[in-house]
2 protein chains.
Amino acid sequence: MLNKTGKIFKALGENNRLRIVNMLMSKPMCVCEITDIIGLSQSTVSGHLRILKEAEIIEDIKEGLWVEYSLMKKDELNKTLFKLVRSLFDNDELLEKERRSALLADRNILCKK
Amino acid sequence: MLNKTGKIFKALGENNRLRIVNMLMSKPMCVCEITDIIGLSQSTVSGHLRILKEAEIIEDIKEGLWVEYSLMKKDELNKTLFKLVRSLFDNDELLEKERRSALLADRNILCKK
DNA sequence: ATGGTATATCGGGATATAACGATATGCTAA
DNA sequence: TTAGCATATCGTTATATCCCGATATACCAT
């Protein structure tokens, strides 16, 4: 695979992973919040997060039992990338809705049981 | 598929298509030139070009028997995209080599027979 | 330790994708 | 019109990817 570049684009070239990135633009989220909003199985979501993480698009920190994922904004590259992605995401109804859902998501409620 | 965004990233999320875009950064090229440099079959190259075109990353113009492909730089979006792609492509030996090959490619020689 | 919860990994099935060769299409020139 | 060339499309095969449920792992609370 073509080093870093291919990984980044391949990671973003999938519908559900774009949705995840879009949600993380609202705020950092744990896996159960994302799973709840996106409506895929937990294992599937976990797999997508792994791919995004390996492409260095997102990063994770452990918070006890939870793992919180967030956009990795460290370097200049990612800033450009997210600006681009963000402009592509504008005016998409589903994505707008999911960003709002992300903002409202509360892991203390969603992740119980 | 997620409208325009997914198409763009999916199109770029493939090794050989990234190589094609990279070559087109040197100059517009016809299919036979690209095929010669990239070392895949003509039908495969044609297929990749189709995908890049549908994602509105490249465009084509007919020149008699030849079809010349070039990066589509019309809108602001693509300018940002290409700047990003270009920065990702720096310092990749294979890609640098292929950009040089692209510059030297001469369809009047390569495309005979 | 034990039980419970959140996340990660594994195995398998269905679908998508990339590659090729063969063939079709479209254009040019004689 | 015919021949020849560049490109596009088709059919097939091999591989990759996505999805799920089941299970493993890691952590917390009792």
Side-chain angles (χ1 to χ4, degrees), chain A residues 1-2 6-21 23-24 28-55 58-70 105-113, chain B residues 1-2 6-21 23-24 28-55 58-70 105-113:
Chain A
M1 172 49 97
L2 199 55
K7 265 192 183 168
I8 291 176
F9 287 123
K10 184 162 262 175
L12 293 175
E14 206 280 330
N15 198 17
N16 293 323
R17 285 195 290 274
L18 281 178
R19 291 171 64 200
I20 291 173
V21 169
M23 287 190 261
L24 292 179
M29 300 174 83
C30 64
V31 182
C32 53
E33 291 177 295
I34 297 170
T35 301
D36 182 82
I37 294 175
I38 208 167
L40 295 169
S41 77
Q42 181 269 322
S43 63
T44 298
V45 170
S46 181
H48 283 315
L49 290 168
R50 189 175 192 276
I51 289 168
L52 288 168
K53 184 181 167 185
E54 282 175 358
I58 63 175
E59 59 191 343
D60 67 321
I61 50 171
K62 299 224 160 176
E63 295 196 339
L65 212 44
W66 291 325
V67 178
E68 186 178 83
Y69 283 88
S70 56
D106 180 350
R107 71 191 63 173
N108 290 298
I109 297 170
L110 289 178
C111 299
K112 285 310 161 195
K113 183 169 129 59
Chain B
M1 171 50 94
L2 198 54
K7 264 192 184 168
I8 292 175
F9 287 122
K10 184 163 263 175
L12 294 175
E14 204 280 330
N15 198 17
N16 293 323
R17 284 195 291 272
L18 281 179
R19 290 171 64 200
I20 291 174
V21 169
M23 288 190 263
L24 293 179
M29 300 172 84
C30 64
V31 183
C32 52
E33 291 177 295
I34 298 169
T35 301
D36 182 81
I37 295 176
I38 208 167
L40 296 168
S41 78
Q42 182 270 322
S43 63
T44 300
V45 170
S46 180
H48 283 315
L49 290 168
R50 189 176 192 275
I51 290 169
L52 288 168
K53 184 182 168 185
E54 281 175 0
I58 63 177
E59 59 191 343
D60 67 321
I61 51 171
K62 300 222 162 177
E63 296 197 338
L65 212 44
W66 291 325
V67 179
E68 186 179 82
Y69 284 89
S70 56
D106 179 350
R107 70 190 63 173
N108 289 299
I109 297 171
L110 288 177
C111 299
K112 286 309 161 195
K113 181 174 156 334

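Quick note: numbers below take in every heavy atom, side chains included, and nothing from hydrogens, waters or symmetry partners. Just so we're on the same page: letters track the sequence lines, and every chain starts at 1.
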Using a cut-off of strictly less than 4.0 Å between a heavy atom of the residue and any atom of DNA chain C, enumerate the qualifying residues of residues 32-44 of chain A by number.
A:C32, A:Q42, A:S43
For A:I38 and A:T44: C-alpha separation, side-chain torsions, deciding distance, then whether side-chain contact (heavy atoms from CB on, under 4.5 Å) applies.
CA-CA 10 Å; A:I38 208 167; A:T44 298; over 6 Å; no
Value in whole Å for how far the P atom of D:dC28 lies from NZ of A:K62:
10 Å
Quick check for you: to the nearest 0.5 Å, what is the distance between B:I20 atom CD1 and B:E14 atom CD?
8.0 Å
Nearest whole angstrom, please: distance from the P of D:dT17 to the CD of A:E14.
11 Å
Given atom CG of A:N16 and atom C1' of C:dA16, what is their separation to the nearest angstrom?
14 Å
So, does B:N15 get its side chain near the phosphate of C:dA18, meaning an N or O under 4.0 Å from OP1 or OP2?
no
Over how many whole Å does the gap from A:E63 atom CD to C:dT7 atom C1' extend?
14 Å
Atom-pair distance (CG on A:N108; P on D:dC28), nearest Å
15 Å
Just checking A:R17: base, sugar-phosphate only, or nothing, at a heavy-atom cut-off of under 4.0 Å?
sugar-phosphate
Length of the CD1-P vector between B:I20 and C:dA18, whole Å:
11 Å
Would you indicate which nucleotide in D:dA26, D:dT17, C:dC27 comes nearest to any side-chain atom of A:L65?
D:dA26
Please give me the minimum heavy-atom distance between B:A11 and B:R17, naming the atom from each residue.
O-NE, 2.7 Å
Would one find more than 12 heavy atoms of other residues, nucleotides or ligands at under 6.0 Å from atom CZ of A:R107?
yes
Do you know the tightest heavy-atom contact between B:I37 and B:A105?
CD1-CB, 4.2 Å
Could you check how far CD of B:E68 sits from P of D:dA8, rounded to whole Å?
13 Å
Looking at A:K10, I'd like to know whether one of its side-chain N or O atoms comes within less than 4.0 Å of OP1 or OP2 on D:dA16.
no
A side-chain contact here means heavy atoms from C-beta on lying under 4.5 Å apart; do B:D60 and B:L49 qualify?
no
Between C1' of D:dT9 and CD of B:E54, the distance in whole Å
13 Å
Heavy atom of residues 45-53 of chain B under 4.0 Å from DNA chain D: which residues?
B:S46, B:R50
To the nearest 0.5 Å, how far apart are CD in B:E59 and NZ in B:K53?
9.5 Å
What closest approach, in Å, do B:M29 and B:L24 show between heavy atoms, and which atom pair accounts for it?
N-CD2, 3.7 Å
Would you check if the side chain of B:E33 reaches a backbone N or O of B:C30 as a donor-acceptor pair within less than 3.5 Å?
yes
